[in-house]
Amino acid sequence: MQESRLFKILYHLLNKGHATAPELAKKFEVSVRTIYRDVDALSHAGIPIYAEAGRNGGIHLMENFVLNKAVLSEKEKQEILLALQSINAIQNKKNSQTLQKLSALFHLGSENWLEVDFSRWGNNKSDNDKFELLKTAIIHCRTVKIHYAGSCEAVRERTVQPYKLTYKANAWYLKAFCMEKQALRTFKLNRILNLELLEDHFLHRDFPEPIDNDKQDYPLITLRFPKEMAYRVYDEFDAIHIKRQENGDLIASAKMPQDEWLTSFLLSFGAQVDILSPEHLKETLAKQAKKIYEKYKP
C-alpha cells in the first residue's frame, strides 16, 4: 500500500511541480505525519525530494530530476515508446506530442515500426471512420444503431451495446449486446453497412471469453488442397494444423462448427478442395453445389 502511495506522490509532484503536506494528506487520505514519513522514504530511495517551510513552501522535487533516471530501466522506457507507437497506429495518428516528449525525456529514438490501416482495398475512409466511431461508443458506453448483413437473412437494423473490438482470423469483429435478441452477439465489421451513434448510455458488462476451438465440442474437419492453393491455406489455417505431402498437397485439420458458414467457406475454394472427413460433409457440399448449378446452368 505504502509503495503504491509513494509512486502516486512522486507522479503528482512530477505533474504539479510541488504540493503542501496537508494537500497530499487529503488527496491520499492519510495523515500529514504519514506524508512526511513518505517524503523521508522517497529521499532515502534516492529521489531528490525536499520539504520547504514558510508561506510559499511545500514539498518539491529538484528541478533537474527526470523520471527515467530514478524509476525506469532502458527496456521499460523502450516498451513505453513502443506501446505509444501502437496506440498512435490504431488511432491513425501520424504524430504524437506525448511520444515526442517521452522520446526526448528518455533520450531514445522512436522507430516508426508499425502501421495499421483498417480499410479494405479500394476503401480509403469509411472503414477507418467506422472503427473510430465504434471505439468511441465502446469507451463511452454509447448505444449504436447498425444495419447488418447477416449470413442467412437480408440487411436488418439492429440496436446494440458495443463492448469490444476484436481481431480474429484475418477480420475485425464487434462484440456487443443485441437489444433485439437480448443476447450477446458478434458482428463482423465488414458486414456493418452503416451505423449511428445514439445518445443512450448503458452499463458495461463482461463479455464472456470465447472457448478455444480445440476445446469446443466441434467435429474435426480434414481437408486436402493442391499445392497451388498454399497461399490461401496458410491464410485460413494455423501452420501447426497443416501437413505437406510428398507431392506438395496440403492436408489441413481443424475443429469447426458444421453450419452454413462452413459450407460457404468450403465452396469458396471451388474444385480446389477435397473433403477427407467427415464423410457426410461431402453430401452437404454436393447438394449446395447442385443448387448453384441448377440456378446458373444454360
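- Side-chain contact between Trp172 and Leu165 is present, with at least one heavy-atom pair separated by less than 4.5 Å.
- For Tyr148 (side chain) and Lys188 (main-chain N/O), a donor-acceptor pair under 3.5 Å exists by modelled atom type.
- Of the possible donor and acceptor atoms, one in the side chain of His201 sits under 3.5 Å from a partner among the backbone N and O of Glu199.
- The two residues Ile221 and Gln258 have their closest heavy-atom pair at CD1-NE2, 4.2 Å.
- Other residues, nucleotides and ligands contribute over 12 non-hydrogen atoms within 6.0 Å of the CD atom of Gln245.
- Ser43 meets the side chain to side chain contact (heavy atoms under 4.5 Å, CB included) test with Ile49; sequence neighbours excluded.
- No side-chain donor-acceptor contact under 3.5 Å links Lys175 to the backbone of Arg185.
- One finds the CG atom of Asp249 at 12.0 Å from the CE atom of Met229 (value rounded to the nearest 0.5 Å).
- Salt-bridge annotation for Lys282 and Glu279: present, with a side-chain N of the basic residue lying under 4.0 Å from a carboxylate O of the acidic one.
- Two different hydrophobic clusters hold Ile275 and Tyr293 under the rule that ILVMFWY side chains link at heavy-atom gaps under 4.5 Å.
- There is no side-chain donor-acceptor pair under 3.5 Å between Tyr50 and Glu52.
- In this structure, Arg158 contributes its side chain and Ile146 its backbone to no donor-acceptor pair below 3.5 Å.
- Between atom CD of residue Gln161 and atom SG of residue Cys141 there is a gap of 9.0 Å, rounded to the nearest 0.5 Å.
- In summary, Glu236 and Arg232 engage in a salt bridge, as defined by a charged side-chain N under 4.0 Å from a carboxylate O.
- With rounding to the nearest 0.5 Å, the separation of NE2 in His12 from CZ in Phe28 is 6.5 Å.
- Hydrophobic clustering, with ILVMFWY side chains joined whenever heavy atoms are under 4.5 angstrom apart, keeps Leu198 apart from Phe202.
- Between the NE2 atom in His241 and the OG1 atom in Thr222 there is a gap of 11.0 Å [rounded to 0.5 Å].
- Taking 4.5 Å as the limit, every side-chain heavy atom of Tyr173 sits out of range of all side-chain heavy atoms of Lys164.
- Cluster annotation: Ile242 and Tyr231 are assigned to the same hydrophobic cluster (Ile/Leu/Val/Met/Phe/Trp/Tyr, side-chain heavy-atom contacts under 4.5 Å, transitive).
- Under the 4.5 Å side-chain heavy-atom criterion for ILVMFWY residues, no single connected hydrophobic cluster contains both Leu281 and Ile251.
- Contact between Val32 and Ala25 at its shortest, heavy atoms only, is N-CB, 3.8 Å.
- Applying the ring-ring contact (aromatic ring centres under 6.0 Å, His included) test to Phe225 and every residue at least two apart in sequence or in another chain returns Phe269.
- Glu294 has a carboxylate O that lies under 4.0 Å from a charged side-chain N of Lys297, or vice versa, which qualifies the two as a salt bridge.
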- Message: Test side chain to side chain contact (heavy atoms under 4.5 Å, CB included) on Ile138 and Leu174; report intermediate values, then the result.
- Response: CA-CA 10 Å; Ile138 292 169; Leu174 171 68; 4.2 Å; yes
- Task: Could you go through the side chain to side chain contact (heavy atoms under 4.5 Å, CB included) check for Leu24 and Asp38 one step at a time?
- Result: CA-CA 11 Å; Leu24 292 174; Asp38 289 343; over 6 Å; no
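- Atom CD of residue Gln272 and atom CG of residue Leu266 lie 13.5 Å apart, to the nearest 0.5 angstrom.
- Contact detail for Ala176 and Pro162: the closest heavy-atom pair is CB-CA, 3.7 Å.
- Linking ILVMFWY residues whenever their side-chain heavy atoms come closer than 4.5 Å, directly or via other members, leaves Leu276 and Leu285 in distinct clusters.
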